[in-house]
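Only this structure's heavy atoms are used, side chains among them; waters, hydrogens and symmetry mates stay out.
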Amino acid sequence: MQQNKTGPSRLLNNSVIEAKDDVDEKLERCCGLVNSLTSGLSEKQTNDTLNAHVCKGQQQHEEVQLGLFYLILVEQKTAPRAYRDLVLVSRDSLNIVLNKTNQLIHEKWLKLQDGPRAQVVWFCKELIKNSVTRAETICHSLLRQVAGGDVTPKNVWLAESLLDVFVDQR
């Protein structure tokens with residue numbers, strides 16, 4: 001039996017007996033890479049370091065993007081900075097991150113913790129605000145998570161949050 005040695009997930013609500021999810025592990029690993037590259041650096045040095053690492057190849061580009069995306073989901077205070085860095089180092093119009101976001105929404109939404117759920121909605125709002133191509137796919141995925149007739153607080157919160165985003169960004 002495989003044990004979870006790295007501690008509880010900051011992204012998903014897992015029970016004690018569930019093994020850590022592959023997506024969660026990959027995102028955490030990528031986040032660790034980004035943190036090791038940028039710890040103790042100024043904003044300009046951080047941008048230069050991330051760009052230099054991204055230029056090494058497709059795998060490094062994906063790792064940096066997913067690491068920054070994980071920071072957006074789990075670190076609410078540093079999310080704007082991580083989003084800015086994500087946009088600055090992206091070389092594929094955020095396709096990697098948009099695909100991973102859609103995957104999380106479709107496959108893991110019910111298991112996401114409340115903080116990361118709020119951050120996904122915030123991320124959607126930022127994508128719309130910055131007119132990112134394919135932002136509507138994230139909106140559509142989130143809308144599909146609103147269950148009709150379900151008046152539980154989480155469902156009502158999601159519906160109201162999405163309505164607020166759409167009203168603010170029309």
Side-chain angles (χ1 to χ4, degrees), residues 1-127 130 132-135 137-139 141-142 145 154 158:
M1 179 160 94
Q2 189 178 27
Q3 290 186 358
N4 187 355
K5 296 179 182 178
T6 59
S9 171
R10 297 175 62 195
L11 188 63
L12 303 174
N13 288 320
N14 289 333
S15 68
V16 179
I17 58 173
E18 287 180 311
K20 201 168 219 179
D21 190 79
D22 291 340
V23 173
D24 195 12
E25 283 182 356
K26 181 176 183 177
L27 290 173
E28 275 187 22
R29 185 177 33 79
C30 293
C31 180
L33 171 73
V34 169
N35 284 335
S36 69
L37 287 171
T38 61
S39 63
L41 299 178
S42 69
E43 289 183 15
K44 183 177 181 347
Q45 291 170 327
T46 295
N47 185 32
D48 293 343
T49 302
L50 290 176
N51 271 317
H53 191 73
V54 163
C55 289
K56 291 180 181 176
Q58 181 61 28
Q59 181 180 354
Q60 289 79 5
H61 177 254
E62 181 178 349
E63 289 171 345
V64 168
Q65 290 223 310
L66 292 179
L68 290 168
F69 177 59
Y70 185 78
L71 282 173
I72 289 169
L73 294 179
V74 299
E75 298 286 343
Q76 187 174 2
K77 292 179 183 176
T78 61
R81 182 177 178 188
Y83 179 76
R84 184 201 64 218
D85 292 340
L86 179 67
V87 170
L88 290 174
V89 301
S90 176
R91 300 192 182 281
D92 66 347
S93 301
L94 298 174
N95 279 331
I96 292 170
V97 175
L98 293 173
N99 290 337
K100 189 59 69 176
T101 305
N102 272 324
Q103 180 187 6
L104 278 175
I105 293 170
H106 286 292
E107 298 174 9
K108 311 287 183 196
W109 183 259
L110 295 175
K111 293 182 79 175
L112 277 177
Q113 293 185 17
D114 291 341
R117 281 184 191 207
Q119 287 304 104
V120 169
V121 173
W122 177 85
F123 183 64
C124 177
K125 179 180 176 183
E126 292 300 309
L127 292 173
N130 294 311
V132 173
T133 306
R134 290 186 50 219
T137 62
I138 305 299
C139 298
S141 298
L142 285 170
Q145 297 302 317
K154 285 183 181 183
L158 179 60

Should N35 and L71 count as side-chain neighbours, where that means a heavy-atom distance under 4.5 Å?
yes
I need the I105 CD1 to Q103 CD distance, nearest 0.5 Å.
11.0 Å
I would like to know whether E75 and R10 meet salt bridge (charged side-chain N to carboxylate O under 4.0 Å, His left out); could you show each step before the answer?
CA-CA 10 Å; E75 298 286 343; R10 297 175 62 195; 2.3 Å; yes
E126 and R84, any side-chain heavy atoms less than 4.5 Å apart
no
A side-chain contact here means heavy atoms from C-beta on lying under 4.5 Å apart; do L68 and V89 qualify?
yes
Look at the side chain of D92 and the backbone N and O of L94, then say whether any donor-acceptor pair between them is shorter than 3.5 Å.
yes
When rounded to the nearest 0.5 angstrom, what is the spacing between OG in S93 and CG in L98?
9.0 Å
About how many Å separate CD of E43 and CG of L88, when rounded to the nearest 0.5 Å?
10.0 Å
Are T78 and Y83 packed together at the side-chain level, in the sense that at least one heavy-atom pair is separated by less than 4.5 angstrom?
no
When you measure from the side chain of S90 to the backbone N and O of V87, does any donor-acceptor pair fall under 3.5 Å?
no
Can you check whether K154 reaches D114 side chain to side chain, under 4.5 Å on heavy atoms?
yes
For the residue pair N51 and N47, confirm or rule out a side-chain donor-acceptor distance under 3.5 Å.
yes
Heavy-atom closest pair, residues K100 and V23
CD-CG1, 4.2 Å
Rounded at 0.5 Å granularity, tell me how far CG in L12 sits from CG in D24.
4.5 Å
When you compare the side chain of L104 with that of W109, does any pair of heavy atoms fall below 4.5 Å?
no
Should D21 and K26 count as side-chain neighbours, where that means a heavy-atom distance under 4.5 Å?
no
Do you know the tightest heavy-atom contact between Y70 and C31?
CD2-CB, 3.4 Å
Give me the atom names and distance for the closest heavy-atom approach of H61 to I96.
ND1-CD1, 3.5 Å
Do you know which two heavy atoms are closest between R81 and L41, and how far apart they sit?
NH2-O, 4.0 Å
Drop me the distance from L66's CG to R29's CZ, to the nearest 0.5 angstrom.
9.0 Å
Could you report the tightest heavy-atom contact between S9 and Q113, atom names first, then the distance?
O-NE2, 2.8 Å
Quick check: closest heavy atoms across I72 and Q119, and the distance to 0.1 Å?
O-NE2, 2.9 Å
Atom pair CG/NE2 of D48 and H53 - distance to nearest 0.5 Å:
14.5 Å
Just wondering, are more than 12 heavy atoms of other shown residues or ligands nearer than 6.0 Å to CD in Q76?
no
Looking only at side chains, do N99 and T101 share a donor and an acceptor under 3.5 Å apart?
no
Within the 4.5 Å heavy-atom criterion, are F123 and L73 side-chain neighbours or not?
no
Establish, from distance only, whether the side-chain atoms of Q59 and E63 form a donor-acceptor pair under 3.5 Å.
yes
Donor-acceptor pair, T46 side chain versus S42 backbone, under 3.5 Å?
yes
